[in-house]
Novice: 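Provided herewith is a single structure, encoded as structure tokens, for subsequent inquiry.
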Amino acid sequence: MLIGVPKEIKPDEYRVGLTPSAVREYVAHGHRVLVGTGAGDGMDADDAAYRAAGAEIAANAKEVFDRADMVVKVKEPLPSEIALLRPGQILFTYLHLAADLAQARGLIASGATAVAYETVTDAEGRLPLLAPMSEIAGRLSIQAAAHALEKPQGGRGVLLGGVPGVLPGKVVIIGGGSVGTEAARTAAGIGATVTVLDKSVPRLRILDEMFAGRVVTRYATRGAVAEEIASADAVVGAVLVPGASAPKVVSRADLASMLRGAVLVDVAIDQGGCFETSRPTTHHQPTFMVEGIVHYCVANMPGAVPRTSSEALNHATLPFGLALADRGLAAVARDPHLRDGLNVHKGRITHRAVAESLHLDFSDPTDLMAA
Ligand SMILES: NC(=O)c1ccc[n+]([C@@H]2O[C@H](COP(=O)([O-])OP(=O)(O)OC[C@H]3O[C@@H](n4cnc5c(N)ncnc54)[C@H](O)[C@@H]3O)[C@@H](O)[C@H]2O)c1
């Protein structure tokens with residue numbers, strides 16, 4: 001198969017779909033890899049490094065999309081990229097379609113087969129291609145909150161860790177999955193007071209054991225969330241209902257009860273955001289104020305640390321990408337976990353939660369592939 005890797009064009013996105021070492025693996029499996037010039041700039045992997053790994057360099061995205069059987073990316077395709085997709089071509093990348101009707105319509109019209117990283121599952125029902133980026137975003141969320149809490153940034157002027165004799169800041173984390181766990185670890189690590197809320201008691205039990213008293217866990221009723229955020233310096237929104245748009249756990253009305261200059265970090269913004277007042281921001285202009293509360297809503301947080309995140313992402317995607325390259329759609333038909341990743345095929349939405357979120361018709365992928 002010819003695998004295409006275009007340079008990411010989303011603002012402030014410095015990651016790359018395949019690192020040179022991942023290219024080497026595809027080449028070892030007998031595939032050819034075509035990499036857009038400069039695609040690895042963000043992690044200091046130049047065209048020469050890709051050539052040394054066995055790739056060919058394409059002059060532009062059009063050449064990559066025109067020639068590739070499968071396009072491997074990081075972020076969802078932007079309209080100019082969707083226009084380059086063709087029927088039968090495989091697109092393997094993050095899509096986050098549930099909150100993006102325009103992109104869904106574009107992919108449906110393209111006729112391409114889109115496999116979304118974020119809905120591929122593993123044997124335990126977890127999301128193995130979301131987890132590494134979630135771990136990074138979780139750790140970054142506390143760095144972001146700490147910075148935004150500084151007075152010149154509009155924050156309350158609180159040092160999360162405190163100092164001897166002065167109380168530390170309070171961090172409230174809503175959603176205790178991959179993002180929430182790493183946010184809790186980082187916040188506790190710098191000495192903040194940490195509460196994690198989740199709707200899953202088994203998950204709270206795991207966190208309770210993991211942090212051995214260093215983090216408080218609480219079941220996420222509306223009342224408990226309202227009570228916790230009222231005294232928080234920073235709130236991290238890290239909820240997820242797989243494939244669906246994020247549930248709103250903090251309303252505009254709730255902001256009135258919060259401390260002025262407190263910080264909301266909405267990590268779930270890529271699924272539409274879990275705070276009513278959130279809207280997506282970029283690394284260039286990461287925050288905005290609503291009713292005296294600082295909002296940080298960067299939709300591609302790991303893009304800020306492309307060296308770490310490109311490597312971590314490639315480690316997770318490689319086995320699935322190689323399966324697609326080696327066996328094409330037969331890999332999707334054979335592997336239920338890869339099939340969970342199938343979001344769009346033959347102009348139809350093939351992921352139930354995505355279809356429901358977008359109010360579009362759902363088509364069973366097994367029936368569609370057999371047809
Ligand atoms: N902004 C970014 O750059 C970025 C990067 C990585 C991940 N994310 C997003 O972060 C979010 C969390 O990802 P994750 O990997 O941690 O997911 P996860 O599935 O590991 O964890 C989500 C947790 O939310 C809990 N939950 C669901 N609904 C809830 C509710 N109403 N109240 C409280 N808890 C609730 C679940 O029980 C689960 O424990 C996702 O939307 C993901 O796409 C964003």
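Below, each value reflects all heavy atoms present in this structure, side chains not excepted, and no hydrogens, waters or symmetry copies. For ligands, and for the atoms within them, numbers begin at 1 and follow the listed sequence.
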Novice: Mind checking whether Q271 has an N or O less than 3.5 Å away from an N or O of ligand 1?
Specialist: no
Novice: Backbone or side chain, does any N or O of D198 fall under 3.5 Å from an N or O of ligand 1?
Specialist: yes
Novice: Indicate whether the side chain of H345 and that of T350 have a donor and an acceptor atom separated by less than 3.5 Å.
Specialist: no
Novice: At their closest point, which heavy atom of A39 faces which heavy atom of V5, and how far apart are they?
Specialist: CB-O, 4.1 Å
Novice: Check this for me - ligand 1, A220, N or O atoms closer than 3.5 angstrom, yes or no?
Specialist: no
Novice: Indicate whether the side chain of R205 and that of S200 have a donor and an acceptor atom separated by less than 3.5 Å.
Specialist: no
Novice: Checking T317 against N314: is there a side-chain donor and acceptor pair closer than 3.5 Å?
Specialist: no
Novice: T193 and K170: side-chain donor and acceptor closer than 3.5 Å?
Specialist: no
Novice: Numbering the atoms of ligand 1 from 1, which are under 4.0 Å from a heavy atom of S200?
Specialist: 37 (O)
Novice: Quick one: which of G177, P247, A137 has a heavy atom closest to atom 18 (P) of ligand 1?
Specialist: G177
Novice: Is there a nitrogen or oxygen of L130 sitting under 3.5 Å from a nitrogen or oxygen of ligand 1?
Specialist: no
Novice: Does P302 reach ligand 1, in the sense of a heavy atom lying below 4.0 Å from it?
Specialist: yes
Novice: Heavy atom under 4.0 Å from ligand 1: found in A246's side chain, backbone, both, or neither?
Specialist: neither
Novice: Does even one non-hydrogen atom of R126 get within less than 4.0 Å of ligand 1?
Specialist: no
Novice: Just which atoms of ligand 1 are under 4.0 Å from any heavy atom in A238?
Specialist: 12 (C), 22 (C), 23 (C), 24 (O)
Novice: Identify the two heavy atoms, one from A99 and one from Q271, that lie closest to each other, and give their separation to 0.1 Å.
Specialist: CB-C, 3.9 Å
Novice: Quick check on contacts: which atoms of ligand 1 are under 4.0 angstrom from a heavy atom of A268?
Specialist: 41 (O)
Novice: Pick out which of L240, V298, V179, I173 makes a side-chain contact (heavy atoms from CB on, under 4.5 Å) with V267.
Specialist: V179
Novice: Cut-off 3.5 Å, side chains only: do S278 and H295 have a donor facing an acceptor?
Specialist: no
Novice: How far is atom 22 (C) of ligand 1 from the closest protein heavy atom, and which atom is that?
Specialist: L240 N, 3.5 Å
Novice: Looking at atom 20 (O) of ligand 1, what's its closest protein heavy atom, distance included?
Specialist: S178 N, 2.9 Å
Novice: Is it the case that ligand 1 has an N or O less than 3.5 angstrom from some N or O of D266?
Specialist: no
Novice: Pairs of nitrogen or oxygen atoms closer than 3.5 Å, one from V179 and one from ligand 1: do any exist?
Specialist: yes
Novice: Using a 3.5 Å cut-off on N or O atoms only, is V267 in polar contact with ligand 1?
Specialist: yes
Novice: Can you pull out the closest protein heavy atom to atom 2 (C) of ligand 1? Residue, atom name and distance to 0.1 Å, please.
Specialist: A299 O, 3.5 Å
Novice: Check each atom of ligand 1 against the heavy atoms of K199 and keep those under 4.0 Å away; list them by number with element.
Specialist: 29 (C), 30 (C), 31 (N), 32 (N), 33 (C), 34 (N)
Novice: For M133, take its heavy atoms, then give the atoms of ligand 1 lying under 4.0 Å from any of them.
Specialist: 6 (C)
Novice: Applying the 4.5 Å side-chain criterion to the ILVMFWY set and letting contacts propagate, would V235 and Y296 be lumped into a single cluster?
Specialist: no
Novice: If you take the nearest heavy atom of each of V239, L207, V265, which one is closest to atom 11 (C) of ligand 1?
Specialist: V239
Novice: Distance under 6.0 Å and angle within 45° of the ring axis: does R86 meet both against F65?
Specialist: no
Novice: Without swapping roles, check the side chain of E276 against the backbone of R252 for a donor-acceptor pair under 3.5 Å.
Specialist: yes
Novice: Examine ligand 1 and decide if any of its atoms is less than 4.0 Å from a heavy atom belonging to V298.
Specialist: yes
Novice: Can you tell me how far apart CG (L130) and CG (L127) are? Round to the nearest 0.5 Å.
Specialist: 5.5 Å
Novice: Taking atom types as modelled and ignoring hydrogens, do the side chains of H31 and D326 form a donor-acceptor contact shorter than 3.5 angstrom?
Specialist: yes
Novice: Hey, which atoms in ligand 1 end up nearer than 4.0 Å to a heavy atom of H96?
Specialist: 43 (O)
Novice: In ligand 1, which numbered atoms sit nearer than 4.0 Å to a non-hydrogen atom of D270?
Specialist: 4 (C), 8 (N), 9 (C), 41 (O), 42 (C), 43 (O), 44 (C)
Novice: With heavy atoms of N300 as the reference, note each atom of ligand 1 found under 4.0 Å away.
Specialist: 3 (O)
Novice: Is a side-chain donor-acceptor pair under 3.5 Å present for D47 with T37?
Specialist: yes
Novice: Can you confirm whether the side chains of E76 and H96 place a donor and an acceptor under 3.5 Å from each other?
Specialist: no
Novice: Looking only at N/O atoms, are S134 and ligand 1 under 3.5 Å apart anywhere?
Specialist: yes
Novice: So for E118, does at least one of its heavy atoms come nearer than 4.0 angstrom to any atom of ligand 1?
Specialist: no
